Number of protein chains: 2
Amino acid sequence: MKNTIADIAHKAGVAKSTVSRFLNGGSVSHATRRKIEQVIQETGYIPNSFAQSLKAKKTSMIGTIMPRLDSFSASQTVAGMDEELREHGYQLLIINASQDLSREIEALYDLARQKISGIILFATQVTETHLAAIKEIGIPVLLLGQQHKDVHSMIYNDYAAGYDMGRYVLSKGHRNIAYIGVTEKDVAVGVKRKEGFLKAVSEHVGVEVNLDLYESGFKMSDGVQTALTILQSNRTLPTAVVCATDNIALGVMKAAHMKGIQIPSEISVTGFGGYDVTEVIHPGLTTVKYGYFQAGHLAAQHIIKLVNDEPADLLTVMNCEMIHRESVDNLN
Amino acid sequence: MKNTIADIAHKAGVAKSTVSRFLNGGSVSHATRRKIEQVIQETGYIPNSFAQSLKAKKTSMIGTIMPRLDSFSASQTVAGMDEELREHGYQLLIINASQDLSREIEALYDLARQKISGIILFATQVTETHLAAIKEIGIPVLLLGQQHKDVHSMIYNDYAAGYDMGRYVLSKGHRNIAYIGVTEKDVAVGVKRKEGFLKAVSEHVGVEVNLDLYESGFKMSDGVQTALTILQSNRTLPTAVVCATDNIALGVMKAAHMKGIQIPSEISVTGFGGYDVTEVIHPGLTTVKYGYFQAGHLAAQHIIKLVNDEPADLLTVMNCEMIHRESVDNLN
DNA sequence: AATCATAGTGGAACCGGTTCCAATCAAGTG
DNA sequence: CACTTGATTGGAACCGGTTCCACTATGATT
């Protein structure tokens, strides 16, 4: 019951090469075609994909390395990628780096050994080691979420998102604002969003704006902590808390609720991300929606181009969309 | 720059077999060991894993087939599996079946062709076709979430969860209850939870309980729809709505909010699942928490046993834990 | 000194496919 | 009818590893 191509050939009374040709659409006479078909039918023969890949020196697999699996953005994006890749006959191999940069590197080499055709790397930071690995493995790599001049990259327009959010909050009359950011090691989330936001503030001439900057971790519980220090300080409370991620914003909302502070009447809150939950909670969270699913599709299309040596933009910037909900009060 | 084992052997002035022995810990003299080490160092040689697997006739990969990636339970479980598998030197290959049963079957054969060592199947339904495929591919398969007498299975104690929830809601004095279930094709979620709940109700002698059963889809929007039909009917509103999943419960809460109905003072709501969001929303959702992450670990351990032909329980039942929050009013 | 393990090594076969090349054979051409 | 053409087909080499087997030294044992 081993069923190799040689067995099939033998049972059908032909040579290996003929069976192979049959399988790959070469020229085979009608008679032998039928015989082989029948034998394959009977035996339930399935070609060994190693032997195939060994000869072909590549696979039809695309690898993706993600810092975590259990996040809304990650799973949405991956779902989109998967859909697109499947349509093009590629299989997606997902590797979880558990937010450990050295595991990302490891994964790059791992994927190279497996002769993966291309790699989509969900980046939070792009270090020298990353670049060295990417260069060494000689496989097309697409950065998702961060950019680097030497690597194909796909990013969201975080600067614009931050800017839009800033303009919006200011337009609602808020002049005493707390901004909760994240580590600047994450250029997209930690730097760009903040810069865009600051830009909006700096452009807002005529009235004085009091802006306090805080830094928090990515987890909701981090958001709760940071929010509590803000809410418990002796200074006047800000009228709005702008958070660099929806997760942090959810944490802030929780903290406010714990403190009996009403949203938005006593304090306004905003996020970034557009997670599904932000819609169903009350009040709904004003946020910036990122098209994760669509981004996955785009990323897949992009890596397929790279794999096939087709031309592709070095940098793709995707736009975001502001979602206005009830968590921001109008002070005007 | 092809770097095969033959190249290394040539450069080091030894035979292929010696290099192979060096790589796999055979007996190699100190001198040649050093030479080979150096050549490998210089060339950055990485063995071709196809050739290895071709000979070995298997991989150190475990495949998992999931109906969807973008769900809390799925991503949590997968994260747990991944952690455990990695520790044991296995790699996880994730396949997304997009809630399409025929794709699940396809995936089973796909994984078989790739000589995956074992498969963890996130099941919602186990059809005859599934069983036939599982039998045919001859690879260890572990069902997760559903059980079948012929296949190793791992399930949550949904019956007990439903029962506990029933007892709890009744103990809070609710006598007019709406139960929103899902399709009975999903035995675990659609049948077991409901049965457990009904059992609790049937045991509750002495007072009359008015129970209405509804069926909804799995999506939050389905929950909203179903809730609206309940809330808009002319009959007296139930005092509690018990939902078969957290997602549906979130939908119900949203619908209630849209209708200006207060939770829990006007209507109580419960879910199943223990999603993270159920904690941060207000009011917090009373639900049953499933240990997804831990389940992932367990599943991984289980499939590893199967792969190594070690004995393993045919059926593993995992317990759940009720989480009491504010979404249920005490009518006593 | 003769005998015997034994560590170290090279050669060749093998895993299961794909592909190049040469051979065959029937139909078409002048 | 000899010759060209093109469709089929089988044989052998190859992809890049692993492993069995035979052969050499080398040191240990009587």
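Residue numbering restarts at 1 for every chain, and letters A, B, ... go by the order of the sequence lines. Keep in mind it's a predicted model, so treat the numbers as computed, not measured.
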* Heavy-atom pair of closest approach, residues B:Q114 and A:S49 -> CA-OG, 3.5 Å
* Structure fact -> Here the distance between atom P of C:dT18 and atom CZ of A:F22, to the nearest Å, is 12 Å
* N/O (side chain, A:T4) to phosphate O (OP1/OP2, C:dG16) under 4.0 Å -> no
* Asked: Side-chain N or O of A:Q52 less than 4.0 angstrom from OP1 or OP2 on C:dG16?
  -> no
Distances under 3.5 Å only, N/O to N/O: pair up the protein atoms with those of nucleotides 7-9 of chain C.
from, atom 1, to, atom 2, distance (Å)
C:dT9, OP1, B:S29, OG, 2.9
C:dT9, OP1, B:T32, OG1, 3.3
C:dT9, OP2, B:S29, N, 2.8
C:dT9, OP2, B:S29, OG, 3.4
C:dT9, OP2, B:T32, OG1, 2.9

* Structure fact -> In this structure, CD1 of A:I119 is separated from CG of A:L144 (nearest 0.5 Å) by 13.5 Å
* Side-chain donor or acceptor of A:K57 under 3.5 Å from a matching atom on the base of D:dC15? -> no
* Given C:dT18, D:dC15, D:dT18, the nucleotide with the shortest approach to the side chain of A:L54 -> D:dC15
* **Protein-nucleotide distance (A:K58, atom NZ; D:dC15, atom C1'), rounded to Å** => 15 Å
* Once you build an axis from the first five pairs and another from the last five of the helix from C:dA1-D:dT30 to C:dG30-D:dC1, how far apart in angle are they, to 10 degrees? -> 50°
* **Spatial distance of atom CD (A:Q91) from atom CE (A:M61) [nearest 0.5 Å]** => 5.0 Å
* **Residue pairs passing the side chain to side chain donor-acceptor pair (under 3.5 Å) test where at least one lies in residues 304-316 of chain B, sequence neighbours excluded** => none
* What integer distance in Å separates A:I5:CD1 from D:dG11:P? -> 14 Å
* Is there side-chain contact between A:Y156 and A:V189, with at least one heavy-atom pair below 4.5 Å? -> no
* **Beyond-backbone contact of A:L23 with A:I40, side-chain heavy atoms, under 4.5 angstrom** => yes
* Charged N-O contact under 4.0 Å between B:K11 and B:D7 -> no
* Could you tell me how the ring of B:F50 sits relative to the ring of A:F50: parallel (under 30°), tilted (30 to 60°) or perpendicular (over 60°)? => tilted
* Asked: Does B:N24 put a side-chain nitrogen or oxygen below 4.0 Å from OP1 or OP2 of D:dT18?
  -> yes
* Rounded to the Å, how far apart are B:K55 NZ and C:dG16 P? -> 9 Å
* Find the distance A:I8:CD1 to C:dT18:P and express it as a whole number of Å. => 13 Å
* Donor-acceptor pair under 3.5 Å, A:K16 side chain vs C:dG16 base -> no
* To do: Could you check which of D:dG17, C:dT18, C:dC15 has an atom nearest any side-chain atom of B:P47?
  => D:dG17
* **Whole-Å gap separating P (C:dG17) and CD1 (A:I46)** => 11 Å
* Using whole Å, report how far CG of A:N48 lies from P of D:dG17. => 16 Å
* Using a 4.5 Å cut-off on heavy atoms from C-beta on, say whether the side chain of A:Q146 contacts that of A:H130. => no
